[in-house]
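Everything numeric in this text was worked out from a predicted model, so none of it was measured. For the single chain, residues carry numbers from 1 onward in sequence order. Note: hydrogens, waters and symmetry copies are ignored here, and every other heavy atom, side chains too, is used.
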Amino acid sequence: MPLLTLKSDNTVIESISLDKNKTLTIGELPDNDLVIDDPAVSGHHAEIEKEDGLFYITDQQSRNGTFINDELIISRILSHGDVITVGKHVLEFCYGEGEGIPLNTKILSARMTMAVDTRQHRSKLASSVSQLADDCHKKQTVAMLSHMDGSNRSFPLKAFPIKIGKSPENHIQVKGLFVGKTTAIINRVGEEFRLVPAEGFTKPKVNYQTVKEEIVLNEFDVIEIGSAKLQFHFQSIDSPETVPEHE
């Protein structure tokens, strides 16, 4: 199992072997698995667990954030040699000598932002950013659908109904052998954004579940239609521009 080494000012304080069957909690309070005596560390700062053969670290809405290799993260796959910074302490994540290291974890980590592509960690991500979302909603925001293929393409949900399907007449066009001309429609009713399946053999999925009737979308839900994965979220009006779906 990988080793997590806690250091302060280059001095080793403690080393922990990660258990693939147990979540490791990190924080200042004594009920954590790894207790860090540092006023800049939150009571329950972060946690590490294994899923699908990979180890993930997820920030738990800490006061001062969790960093990997000096980059602020919310949830991220850990790669061999990563340096995690919490408060004034660092944690080095390393696989043991002779231990098999999962391939392409560096590539996967680089691609992970708000779109964590597992059901369990998407749920954790939504929980971790809930406070950020609340703050964002106090500002003027727009609902968005963003592609999860790394292209940064996104589509603002403004003029309803929003149609998604194979036909070029749709607002968002997707590919797939059994995708219908219009597979899903999104409407806005008050403050709610509702997705309803339309035509075609392939039904839309939300968070891996097939949608057979109208549902209300929640922030960070992932919509799958054909080969496309789209994440529903809100974006502040003054946020940086993203690549639009249509010119």
>> Before you tell me yes or no, could you show the steps for His147 and Leu230 under side-chain contact (heavy atoms from CB on, under 4.5 Å), namely the whole-Å CA-CA distance, both residues' side-chain angles and the distance that decides it to 0.1 Å?
In response: CA-CA 5 Å; His147 285 265; Leu230 305 160; 3.5 Å; yes
>> Could you tell me if Asp31 and His44 have a donor-acceptor pair between their side chains, going purely by distance under 3.5 Å?
In response: yes
> Is the shortest distance from a Lys or Arg side-chain nitrogen in Lys7 or Glu92 to a carboxylate oxygen in the other one below 4.0 Å?
Replying inline: yes
> Same hydrophobic cluster for Leu6 and Val35, using side-chain heavy-atom links shorter than 4.5 Å among ILVMFWY?
Replying inline: no
>> Between Gln173 (side chain only) and Lys166 (backbone N and O only), is there a donor and an acceptor less than 3.5 Å apart?
In response: yes
>> Which residue in the set Ile26, Ile68, Val83, Thr5 passes side-chain contact (heavy atoms from CB on, under 4.5 Å) when paired with Leu91?
In response: Ile26
> Does any non-hydrogen side-chain atom of Ile36 lie less than 4.5 Å from one of His45?
Replying inline: no
> Should we count CD of Glu213 as having more than 12 external heavy atoms under 6.0 Å?
Replying inline: no
>> Between Asn170 (side chain only) and Lys181 (backbone N and O only), is there a donor and an acceptor less than 3.5 Å apart?
In response: yes
> Is it the case that Glu49 and Thr23 place a side-chain donor and acceptor less than 3.5 Å from each other?
Replying inline: yes
>> For residues Val211 and Ile225: do they belong to one hydrophobic cluster (side chain heavy atoms under 4.5 Å, members Ile, Leu, Val, Met, Phe, Trp, Tyr)?
In response: yes
> Ignoring hydrogens and geometry, is there a side-chain-to-backbone donor-acceptor pair from Asn32 to Gly43 under 3.5 Å?
Replying inline: yes
>> Is there a side-chain contact between Lys22 and Asp33 in this structure, where contact means two heavy atoms from C-beta onward sitting under 4.5 Å apart?
In response: yes
> Which class fits the ring pair Phe234 and Phe193: parallel under 30°, tilted 30 to 60°, perpendicular over 60°?
Replying inline: perpendicular
> Looking only at atom types and distance, does a side-chain atom of Ser146 sit under 3.5 Å from a main-chain N or O of Ser154, one as donor and one as acceptor?
Replying inline: no
> Looking at side-chain heavy atoms only, is the closest gap between Ile84 and Thr66 below 4.5 Å?
Replying inline: yes
>> Closer than 3.5 angstrom, by distance alone: can the side chain of Asp38 be matched with the main-chain N or O of Gly87 as a donor-acceptor pair?
In response: no
>> Tell me if a side-chain donor or acceptor on Ser42 pairs with a main-chain N or O of Arg63 at a distance below 3.5 Å.
In response: yes
> Has the side chain of Asn207 got a donor or acceptor atom that lies under 3.5 Å from a matching backbone atom of Val222?
Replying inline: yes
>> Is it true that, when you exclude Lys205 itself, more than 12 heavy atoms of the residues, nucleotides or ligands shown sit nearer than 6.0 Å to its NZ?
In response: no
> Do Leu34 and Glu14 have side chains that get closer than 4.5 Å, going by heavy atoms?
Replying inline: yes
> Is any side-chain heavy atom of His171 less than 4.5 Å from a side-chain heavy atom of Ile186?
Replying inline: no
>> Please check this pair: side chain of Asp9 against backbone of Thr11, looking for a donor-acceptor N/O pair closer than 3.5 Å.
In response: no
> Asp82 versus Asn69: any side-chain heavy-atom pair under 4.5 Å?
Replying inline: yes
>> I need the minimum non-hydrogen distance between Gly65 and Leu72, along with the two atoms involved.
In response: CA-CD1, 3.9 Å
>> Within the structure provided, determine whether Phe55 and Met1 are in side-chain contact (heavy-atom separation under 4.5 Å).
In response: yes
>> Would the distance check show the side chain of His80 and the main-chain N or O of Tyr95 forming a donor-acceptor pair, the cut-off being under 3.5 Å?
In response: yes
>> For residues Ile215 and Leu145: do they belong to one hydrophobic cluster (side chain heavy atoms under 4.5 Å, members Ile, Leu, Val, Met, Phe, Trp, Tyr)?
In response: yes
> Should Gln60 and Glu47 be marked as a side-chain contact (heavy atoms from CB on, under 4.5 Å) after you check the CA-CA gap, both sets of side-chain angles, and the distance that decides it?
Replying inline: CA-CA 7 Å; Gln60 298 296 296; Glu47 66 179 31; 3.7 Å; yes
> Would you call Leu195 and Pro204 a side-chain contact if the rule is heavy atoms closer than 4.5 Å?
Replying inline: yes
